[in-house]
Every structure is written in C-alpha cells, then in structure tokens.
Amino acid sequence: MDNITIARLLDETASLLEIDAGDPFRIRSYRRAAEAVEQQTTQLSTLVAEPKQLLAIAGIGKGMAANIVELVSTGTMPLREELLQKYKPTMLELLRLPGMGPKTVALLWSALSVSDIDALETAAKEGKLLELPRMGQKFTDKLLKGIEDYRRNSSRFRIDDAREHADRISALIQTFPGIDEITPAGSLRRGRETVGDLDLLVTGPACEPNVVSAAVEHVAALPLIDKLLAKGQNKVSFTLRNNLQVDVRLLPRASYGAALQYFTGSKMHNVALRQRAIKRGLTLNEYALARLDDNTIVAARTEEDIYRALDLDYIPPELRENSGELEAAANHTLPQLITLTDIRGDLHMHTDATDGRNTIREMAEAALARGLSYIAITDHSKNLAMTNGLDDTRALAHIQRIRAVDAELQSEHKGKIRVLPGIEVDILADGSLDLADETLAQMDIVVASVHSHFAQPIEEMTQRVLRAIENPYVRILGHPTGRKVLGREAIAVHIEQILKRASELGVAVEHNAAPARSDLNDLNLRLAKQHGCKIVVNTDAHTTAELAQISYGITQLRRAWLTPADILNTCPTAKALLTNLRPRP
DNA sequence: GCCGTTTTCGGCCCGACTGTTTTCAGTCG
C-alpha cells in the first residue's frame with residue numbers, strides 16, 4: 001500500500017467520522033495525519049516494521065501509527081470498518097457536491113435513506129428535500145445544478161492527479177531492464193486541465209518486436225492494476241482503482257517519434273497534419289511518415305524529423321489543437337513560448353504567520369534555491385480567521401519581519417534575492433477590503449482575493465471583484481474567480497468584464513501555478529492577453545516544496561500562446577517589476 | 001487523536017456567508 005492510498009483511507013475515515021458527528025478534534029487528527037502521510041517521501045509501508053519511525057512524523061502518534069500498521073497489513077482498520085457498517089462509501093461522494101457537508105449527508109441518510117447521488121437527485125426532483133429542515137427550493141435547485149456539473153466533470157481527471165499516476169506507473173515500468181524512455185502522450189502531454197485517460201508510450205531495447213512480449217508481461221502484471229482490460233502484442237490497457245484507464249504502448253525506437261506524434265494529438269491537429277502530408281505525396285500514421293507511392297519511410301524516429309519533413313517548425317505539444325499552429329509553423333512565426341526559467345519571481349506565498357508551514361526566511365531561501373530574484377510574502381488577512389489571518393496590527397508587525405529578512409539576505413547573498421512585503425486581502429461582500437488603506441499603503445504587493453464564494457451568484461461575485469480592484473492599493477487580483485461553485489462556462493462570460501476593468505486600472509491578474517489553486521484556464525489567459533492585462537504567475541505556496549510546483553501553471557501559459565513578454569514577473573529584478581505594476585497612490 | 005506540558009490532562013485556527021430562519025445551523029476557506 002502506497003502513501004497516497006494510506007492518506008486517502010485516513011481522509012475518508014475523517015469524512016465518515018464527520019458524518020457520524022464525531023469529535024471534531026479527532027477528525028482533524030485524521031485529516032492532519034492524512035496530509036502528513038501524503039507529504040512523506042519514503043513509503044510508510046517499508047517502515048511498519050519500525051513503528052518508531054512513524055512516530056517521528058509530526059501529526060502521527062501512537063494511535064495513528066497503529067492505524068497505519070493495520071492499514072498496510074490488512075488493507076483496512078477497525079474504525080473504518082465500524083463506520084462503514086453504519087454508513088455507505090457512496091456517501092463520501094455526496095460530500096463532493098457544492099453545499100453538501102457532513103451534517104446534510106447524515107440528515108439525508110437518516111431521514112430519506114439517501115446514500116448516493118442518483119437517489120439524491122431523485123429525492124430532490126420529487127421535492128422530498130423541501131420537507132426537511134433548512135432545505136428550501138433554492139437549496140434544491142442549487143443542488144440539482146451541482147449534481148449536473150459534478151457528473152459532467154467527474155469522468156475526467158485533473159492533470160495533476162493524472163501526472164501523479166503517470167509518474168508512479170512509469171517508475172514501476174522503468175524497473176524492467178531495457179526500458180529507456182517513458183513519455184505520457186495524449187491530453188496530459190498537451191497540458192489539458194483534465195484528461196480522460198492516460199496514454200503512456202514506452203521505448204528501449206526491450207520494446208523491439210522480437211523481444212517485446214516479456215516487457216508486455218511485466219506491464220500486465222503491475223501491482224497497481226485494478227482491472228486488466230486488454231493485453232496485445234505491444235499494448236496493455238487497464239484501469240486503476242479510481243477508474244482511470246491507462247493505455248501503455250511499447251514501441252521500437254525507430255518509430256517512437258511517429259507514435260509520440262500520433263498519440264499526442266489532438267485529433268484535429270493530426271487530421272490537419274495528415275492532410276498536409278497527402279498534399280506532399282506523403283502519408284502519416286502512428287509508425288512513420290512515408291511516401292505514398294513506394295512506402296519509403298521519410299521520417300519516424302523523432303517528432304522533430306516528422307515536422308521538418310512536412311516543412312514545419314517543431315510545434316510544442318501545448319499548441320497542437322489545430323488553432324493556427326500549423327500556419328504559424330509553416331511561416332516560422334510560432335511564438336517563443338514562456339518556459340519555467342523565464343519566471344524570475346513569485347508574488348504570492350504564505351508563511352507560518354498564517355496558514356503556511358515555513359518561515360519567511362525558509363521561503364526566501366527556497367526561492368533562492370529555485371533561482372528566483374524576488375518574492376513577495378503575502379499572508380492572509382484577518383477575514384480568513386481559520387488561517388489565523390493578520391489584522392492591521394499584526395500585518396504591520398509582519399512587514400517589519402519581512403524587511404528584516406530582506407536586509408539579512410541582501411547582505412548575505414549580495415542582493416541576489418529581494419523579499420517584498422505584501423498581503424493577500426480578502427474581498428468582503430460589499431466589495432471592500434478587510435484591512436485599512438493605511439496598512440495596505442505599507443505593502444509593496446497587495447493581492448485581493450475572494451475567498452467566501454459558496455453559492456455566490458456570479459453577477460454578485462463579479463460586482464464584488466470589480467469594486468475591490470478600484471482600491472488604489474490593490475496591485476494584483478488573486479485567483480480572480482471562485483473555484484468550486486462557478487462553472488467554467490460561466491467564468492468565461494463574466495471574467496471578461498473583470499479582465500477589461502483590471503486592464504484599464506493596471507491591476508495585474510494572477511495565474512496560480514498549481515492546478516488545485518488555478519482559476520485562469522488557457523481560454524481565460526488568452527482573453528487576458530487580448531485585453532492587454534498584465535499577468536503574473538504565482539504559486540500561492542504554503543510550503544517551501546510548493547514553491548517549486550509551478551510546471552503545470554507554465555503549461556497552461558504555453559497553451560495560451562504566451563511568451564515571456566506577456567508575463568510581468570519575468571522582469572529581471574524586483575525594481576523593474578514594481579515599476580511595471582500599477583503605480584501606488 | 002495529537003501534543004506539550006505550569007508533563008498524564010486540557011487545549012486544539014474561527015469569521016463570513018447563505019438559506020432558512022426570527023436567532024441560527026451548516027458550509028466554506
């Protein structure tokens with residue numbers, strides 16, 4: 001059992017305890033333990049013989065260590081089993097619907113015996129929820145909409161989840177001798193926000209036709225396979241326990257490029273590419289680009305060879321959507337897309353003053369290690385009480401600490417890194433901010449964010465944001481739209497108003513790097529560029545580790561055809577950055 | 001259930017917002 005599974009089981013147990021109205025502190029212990037387990041770099045299953053090492057992990061005590069030992073050896077644990085006698089596992093899925101919490105799930109179960117989404121939908125449509133306390137027509141309508149949204153999105157997996165699975169599977173495949181390279185293809189390689197299934201392409205001496213069967217057997221016997229769907233000459237398909245379908249193809253080196261091109265897609269890109277090949281008397285398939293007349297192979301080994309043979313510049317996977325990239329590649333006008341190393345600073349992160357885990361200095365040193373030239377410390381303000389948000393007094397004191405660290409590092413590292421004082425203020429219902437202007441005036445970076453967006457009508461949310469960015473101290477609009485409640489389509493309609501006004505005011509809009517925190521999809525990013533918005537790409541890091549988790553965010557930027565010139569924090573120095581932000585009053 | 005003790009119990013991030021109330025429970029972050 002791997003750490004991720006252990007973490008998931010502990011987290012699910014916490015949810016079941018919540019439904020069971022258990023001790024909130026006990027519940028939190030399970031959640032904290034789950035989080036701690038997930039962050040471990042060593043597999044706990046290898047430590048169960050040495051429970052003392054488990055106790056060394058913060059958040060894991062005697063009881064939790066026993067739980068983990070039990071989980072690893074039996075696959076479950078007594079408390080979990082006991083709760084599953086009382087409740088159904090499908091109830092955990094109900095918790096994922098917007099507006100559904102443990103109390104409501106418990107009530108639905110006791111009053112209506114509703115334990116899954118289908119039954120809930122039926123009950124809602126029949127008006128049965130109206131008979132329950134605190135549930136009216138509005139709640140019912142919102143719930144039905146939520147169910148609809150949930151169903152539409154749940155068949156796809158988020159890119160970071162998919163990437164994690166891809167990495168784990170790759171590591172297991174890699175153990176077979178004679179495997180050189182494993183590349184995820186499909187929408188994962190193109191950087192889509194979600195992927196339907198996982199395509200893994202594998203090559204190396206072990207994948208040559210005469211010997212490939214042994215490697216195929218190795219893949220088909222991977223321990224994490226839930227259901228084996230198919231096993232062919234060079235392809236294995238299976239699903240994982242979470243229902244993610246994985247297709248692994250083992251291909252000879254000589255045709256790896258053609259396969260990579262073919263399986264990366266998109267479908268529309270490939271169709272257009274094949275049309276172009278035919279015009280040149282060539283044919284393109286998953287094995288090679290070849291002449292139509294005598295099947296002579298023109299290119300197959302690498303993608304670069306194939307594009308070159310079609311008189312095209314190499315097209316990065318993120319652009320392969322048949323939305324103008326072929327024309328640009330033919331005319332040598334493809335953009336020089338932004339890369340990770342172009343990002344010179346990070347302007348949104350938290351420390352242990354609020355809900356982060358590391359100190360100002362630790363964050364700064366991590367940024368230095370990543371090669372950044374400047375960062376802003378933007379802890380939460382008081383409205384986010386659960387994060388121990390800063391009130392005006394504490395915020396001002398925090399600035400002093402940030403400046404002190406900045407001064408220390410300046411002398412220690414000869415100005416290699418600057419640490420700017422900042423704050424992430426919350427936008428209240430009336431669009432005002434929750435700290436005084438006099439406090440904000442002391443900050444270099446003020447990020448304004450809406451945090452309470454439960455069941456908030458989009459129009460009101462939009463008005464709230466529009467009002468907030470009128471505050472002259474706001475220099476960055478943080479995660480510009482709500483995450484859970486607002487559907488993507490709705491965002492596309494309403495975000496344009498926000499982007500327009502932000503652009504007029506010179507307020508930069510933030511693109512958060514981690515998908516879990518990201519709100520601007522590639523379409524919205526393109527929209528932002530169109531309206532001349534300043535864009536900053538941040539991590540919203542709460543730990544030093546998160547400070548490095550920026551690659552998905554970059555992929556998103558690349559999908560939007562953005563170049564270093566489009567992104568504000570590609571400025572080489574803090575000074576240059578600050579002059580490019582909205583001027584302070 | 002964890003942790004740190006003024007070491008073996010008592011504390012453990014809590015305010016905003018919504019829908020349904022008519023004083024508040026539940027959800028969210």
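Here the structure is a predicted model, which means the values were calculated and not measured. Throughout, a chain's letter reflects where its sequence line sits, starting with A, and its residues are numbered from 1.
DNA chain B is contacted by A:Arg134, A:Met135 of residues 124-135 of chain A, taking any non-hydrogen atom closer than 4.0 Å. Within a heavy-atom distance below 4.0 Å of DNA chain B, no residue of residues 44-51 of chain A is found. For residues 60-68 of chain A, proximity to DNA chain B is found at A:Ile60, A:Gly61, A:Lys62, A:Gly63, A:Met64, defined as any non-hydrogen atom under 4.0 angstrom from a strand atom.
Nearest heavy-atom pair across A:Leu10 and A:Ala34 is CB-CB, 4.0 Å.
Put simply, CG on A:Leu143 is 16 Å from C1' on B:dT20, counting in whole angstrom units. A:Lys142 places its NZ atom 12 Å from the P atom of B:dC28, with the value rounded to the nearest Å. The nearest whole Å value for the distance from the CG atom in A:Leu71 to the C1' atom in B:dG1 is 15 Å. Between the CD1 atom of A:Ile427 and the P atom of B:dC17 there is a distance of 11 Å, rounded to whole Å. Nucleotide B:dC2 holds its C1' atom 15 Å from the CG atom of A:Leu17, rounded to whole Å. As a whole-Å value, the separation of A:Arg26 CZ from B:dG1 C1' is 7 Å. For the pair A:Met100 CE and B:dA25 P, the computed distance is 20 Å after rounding to whole Å. Residue A:Ile19 contributes atom CD1, which lies 10 Å from atom P of B:dT27 at whole-angstrom precision.
Under the ring pair (Phe, Tyr, Trp, His ring centres under 6.0 Å) criterion, A:His398 pairs with no residue, sequence neighbours left out. Qualifying side chain to side chain contact (heavy atoms under 4.5 Å, CB included) partners for A:Leu368, counting only residues two or more places apart in sequence or in other chains: A:His413, A:Lys416, A:Ile417. Shown here are the salt bridge (charged side-chain N to carboxylate O under 4.0 Å, His left out) partners of A:Glu504, two or more places apart in sequence or in another chain: A:Arg501. For A:Pro585, the side chain to side chain contact (heavy atoms under 4.5 Å, CB included) partners two or more places apart in sequence, or in a different chain, are A:Pro472, A:Tyr473. The side chain to side chain contact (heavy atoms under 4.5 Å, CB included) test applied to A:Thr122 returns A:Glu126, not counting sequence neighbours.
Listed by first then second residue, pairs satisfying side chain to side chain donor-acceptor pair (under 3.5 Å) with a partner in residues 431-447 of chain A read A:Ser381-A:Asp434, A:Asp392-A:Thr439, A:Asp430-A:Ser432, A:Asp437-A:Asn471, not counting sequence neighbours. Sorted by first then second residue, the side chain to side chain donor-acceptor pair (under 3.5 Å) pairs that include residues 14-25 of chain A, not counting sequence neighbours, are A:Ser15-A:Arg31, A:Glu18-A:Arg31, A:Asp20-A:Lys86, A:Asp20-A:Tyr87. Within the structure, every pair that satisfies the salt bridge (charged side-chain N to carboxylate O under 4.0 Å, His left out) test and touches residues 109-119 of chain A, not counting sequence neighbours, is listed here: A:Asp118-A:Arg151. Pairs passing the salt bridge (charged side-chain N to carboxylate O under 4.0 Å, His left out) check and including a residue from residues 47-67 of chain A, sequence neighbours excluded, do not occur.
When Watson-Crick and G-U wobble pairs are counted only if both distances are under 3.5 Å, B:dT8 pairs with no nucleotide at all.
The nucleotide whose nearest atom lies closest to any side-chain atom of A:Leu384 is, among B:dG29, B:dT27, B:dG1, B:dG29. For A:Phe25, taking side-chain heavy atoms from C-beta onward, the closest of the listed nucleotides B:dC12, B:dG26, B:dA16 is B:dC12. Of the candidate nucleotides B:dT20, B:dT27, B:dG1, B:dT20 has the atom lying nearest to any side-chain atom of A:Phe139.
A:Thr104 comes within contact range of the sugar-phosphate backbone alone, with a heavy-atom separation under 4.0 Å but no base atom that close. The residue A:Ala33 sits apart from the nucleic acid: no heavy atom pair falls under 4.0 Å. At the heavy-atom level, A:Ile27 lies nowhere under 4.0 Å from the strands shown. Residue A:Gln137 is in sugar-phosphate contact alone, with no base atom involved, counting any heavy-atom pair closer than 4.0 Å across all strands shown.
Put simply, A:Thr387 has no side-chain N or O that comes within less than 4.0 Å of OP1 or OP2 on B:dC14.
The residue among A:Ser29 and A:Asp355 whose nearest nucleotide of DNA chain B is located toward the 5' end is A:Ser29. Nucleotides of DNA chain B nearest to A:Lys382 and A:Tyr30 differ in position, and the one nearer the 5' end is that of A:Tyr30.
For B:dT20 and B:dC28, the P atoms lie 15 Å apart once the distance is rounded to whole Å. B:dC12 and B:dC17 have their P atoms separated by 25 Å, with the value rounded to a whole Å. The separation of B:dG11 from B:dT6, taken at their C1' atoms, amounts to 14 Å, rounded to a whole angstrom.
Side-chain atoms of A:Thr104 never come within 3.5 Å of backbone atoms of A:Met100 as a donor-acceptor pair (strictly under, hydrogens ignored).
Counting heavy-atom neighbours within 6.0 Å of A:Arg32 CZ, excluding the residue itself, gives a total of 12 or less.
In this pair, A:His380 and A:His542 present their aromatic rings tilted. The plane angle is within the 30 to 60° band.
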